[in-house]
Amino acid sequence: MALDPPMPAAPGQIALFVDIDGTLLELADRPDTVVVPAGLAGLLHRLYDRLDGALALVTGRPLVDVAWLFPEFKGDAAGLHGAEWRCGGAKAAIHQDPKPLLAIAKRFEALAIAHPGLLVEHKGPSVALHYRHVPEAAVLVEAAMTAAMVELGPGWQLIAGKAVFEILPAAASKGQAIDRFLDHQPYAGRKPAFLGDDVTDESGFAAVLNHGGLAIKVGPGDSRAPYRLPSVTAVHHWLRQLAGGGKA
Ligand SMILES: [Mg+2]
């Protein structure tokens, strides 16, 4: 039975990591049609101050999307499930030749033309195939992805999210991104907390639990996270409390 997450008594000792889609923002039909609610930028700003900067967004989106969605956000971020990472002046990225993936992505484009509603998302070192609008194509999409993985060989991983399959460098994970933040200031020595809603967030939960931190799953579904918030709205409420109250 998942529990309501506790409110940390000393926010100044917390290092906070937050997923974006399905956690901070409601899921949309397409990644580029999400809506950033009024007040969310202000909430992130208050949290950033309250946590002395120990606040990072940890997302499957590329880092350029973080800048697009939250142009005023001063905190750090990890993108592409950890394949891209920035912290203060420090940067890291998993470098992998994207050429084999380009050929695969072209084939996915042909599949999307044959099955209207499928959406190919090109993210540089990764490619995602969304089937939210054609749930009956899930088996077909998975088969195409599995065949692509056989062709690509080691060095790549296939992950399944909510109505999406994605191929990305095998070394990328939200867990390793969080571990890397925790080696840097202002995160080092703090108790980590991570909020996420999807299967790809499980490695992040494992990382914070390894450090004795708070793992908080958003919405339904199995998870190793001991704590649960039911919705994006509940996430905003919890974050407002952590920021010291006030409007979101
Ligand atoms: Mg998510």
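The analysis underlying the following values was restricted to heavy atoms, covering all of them including side chains, and did not include hydrogens, waters or symmetry mates. For ligands, and for the atoms within them, numbers begin at 1 and follow the listed sequence.
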ring-ring contact (aromatic ring centres under 6.0 Å, His included) partner of F17, the single match among F194, W85, Y187: Y187
When you compare the side chain of V120 with that of V127, does any pair of heavy atoms fall below 4.5 Å? yes
Tally, protein N/O/S atoms nearer to the Mg ion (ligand 1) than 2.8 Å: 3
Salt bridge (charged side-chain N to carboxylate O under 4.0 Å, His left out) with D201: which of K174, R224, K217? K174
Looking only at heavy atoms, which two atoms of P169 and P125 are closest? And how far apart? CD-O, 3.2 Å
What heavy-atom pair brings E202 and S223 nearest, and what distance separates the two atoms? OE2-OG, 2.8 Å
Between R61 and D21, is the closest basic N to carboxylate O distance under 4.0 Å? yes
